[in-house]
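Input: a single structure, listed below in structure tokens.
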Amino acid sequence: MINLEIPKKFVPLVGQAHQVAEEVFRPISRKYDQEEHAYPKELDMLAALIDGMNDGSDLGGAGAAGVRRTDNGDGGVRNGSNMSTVLGIIELCWGDVGLLLSMPRQGLGNSAIASVANDEQLERFRGKWAAMAITEPEAGSDSAAIRTTAVLDEETGEYVLNGEKIYVTSGERADLVVVWATLDRNVGRAAIKSFVVERSNPGLKLDRLEHKLGIRASDTAAFILDDCRVPKENLLGSPEVDTRKGFAGVMQTFDNTRPLVAGMAVGLTRACLELTERLLREAGVEVDYDRPAASQSAAAAEYLAMEADYEAARLLTLEAAWMADNSKPNSLQASMAKAKAGRTCVDVALRCVRLCGSLGFGEELLLEKWARDAKILDLFEGTQQIQLLIIARQLLGKSSAELK
Ligand SMILES: Cc1cc2nc3c(=O)[nH]c(=O)nc-3n(C[C@H](O)[C@H](O)[C@H](O)COP(=O)(O)OP(=O)(O)OC[C@H]3O[C@@H](n4cnc5c(N)ncnc54)[C@H](O)[C@@H]3O)c2cc1C
């Protein structure tokens, strides 16, 4: 039987995350949108609180740090860290996406570590804030084209990394940066591995911080890796180049992180819908769930259509997270969730701005900001077009070489 209710054990988490979104994020949302690159210091206290609660806590699962696939052994159905994290993220992004991305120790790099690190690495990197650096000036959507190299120095037992990384979320503020680099550019995608680099490493040079359309509370950094030496124990996963497995090791991260980004989009979409519903109601437009949309006002009918899209995005997102928790291959569902939720979020945010007219466009309310914040959710962790490509490949049984 399918049970679509929030698992009972996660109800307190959802409540706490919502409270944080409402009482901490929303009040400072506009401030850090206007003061781009200023560090939201209010989050330090929040992070400390979460750290204090982390063992067995509820809100500890609200960021990206928790996602890991573990076998529950008994073959039963479970709701684990992927589900709790997505549920927490939905609530927090109802508050503010940029601030969620700025939460200390909850970066997408943490999720990469949680997904593929061995037990020793998990212990060593525990409690650190990790950013994720895949994108390069010549490699965005096509992450297999990255040029950053990693060469093993047998004498010192270190990898030496050289290259350029751009658009690294939390790159300036994090303690660690998980860097994708190739061990051998001639071998192709199988040689791409991820390396944990300390932010203080002198070979990791901050080049600049980007100015952006939305999520302006979140810092986005560009780095030069200049003979950047990292201990060989910092390679995540296996150092072997296995051409049969191809990209599998590093790509596994996306199966866990795409549902999280979809969750961000779901939360932001709900924020737009709730505010729009209130403004419509105040303007005398009642949405009636007992009457066909065609017999209601155009605004109410449009609202109902948007809500249907929101529900579809939410259910796909929960499905993808649930599959990750239950050790089921979820690449297809993760991409479906990300594609649907990202597109819905952009679409709904812009339609809400239109429906609310000048109230939607002005800075008095947050709708105009949400419309700007929405766009990134359809871009990073794979654009809309790339998700559709992945879905098509999976459904048609084609490889990435066969369908580009
Ligand atoms: C604010 C922000 C934060 C980011 N954070 C991170 C981060 O933390 N870590 C990180 O590694 N990266 C990050 N990124 C990078 C992000 O993941 C990339 O921007 C994204 O992967 C797209 O790459 P690109 O910008 O090079 O666009 P391109 O790959 O050049 O794509 C341009 C356009 O072409 C389309 N396109 C490309 N290939 C195809 C195809 N085969 N078929 C159809 N259409 C195609 C794309 O969908 C897109 O519309 C961030 C980006 C931004 C803007």
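Order of appearance sets the numbers: ligands from 1, and atoms from 1 within every ligand.
Judged by distance alone, with hydrogens and angles left aside, the side-chain atoms of N82 form no donor-acceptor pair with the main-chain N or O of W322 at under 3.5 Å.
Taking the charged nitrogens against the carboxylate oxygens, K404 and D142 have no contact shorter than 4.0 Å, which rules out a salt bridge. Contact check on K31 versus E42 returns a salt bridge, with a Lys/Arg side-chain nitrogen under 4.0 Å from an Asp/Glu carboxylate oxygen.
In this structure, R199 fails the cation-pi test against W129, since its NZ or CZ atom is not both closer than 6.0 Å to the six-membered ring centre and inside 45 degrees of the ring normal.
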Check the pair L366 / R26 against side-chain contact (heavy atoms from CB on, under 4.5 Å), numbers first and verdict last.
CA-CA 9 Å; L366 288 167; R26 285 270 178 106; 4.0 Å; yes

Dump all N/O pairs between ligand 1 and the protein below 3.5 Å as a table: atom names plus distance, one pair per row.
from, atom 1, to, atom 2, distance (Å)
ligand 1, 5 (N), Y167, O, 3.0
ligand 1, 5 (N), T169, OG1, 2.8
ligand 1, 8 (O), M132, O, 3.3
ligand 1, 8 (O), T169, N, 2.9
ligand 1, 8 (O), T169, OG1, 3.3
ligand 1, 9 (N), M132, O, 2.8
ligand 1, 9 (N), Y167, O, 3.4
ligand 1, 11 (O), I134, N, 2.7
ligand 1, 11 (O), T135, N, 2.9
ligand 1, 11 (O), T135, OG1, 3.1
ligand 1, 12 (N), T135, OG1, 2.6
ligand 1, 12 (N), Y167, O, 3.3
ligand 1, 14 (N), Y167, O, 3.4
ligand 1, 23 (O), S141, N, 3.4
ligand 1, 29 (O), S141, N, 2.9
ligand 1, 29 (O), S141, OG, 2.7
ligand 1, 47 (O), T383, OG1, 2.6
ligand 1, 47 (O), Q385, OE1, 2.7

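Side-chain contact of R124 with N234: a donor-acceptor pair under 3.5 Å is present, judged by distance alone.
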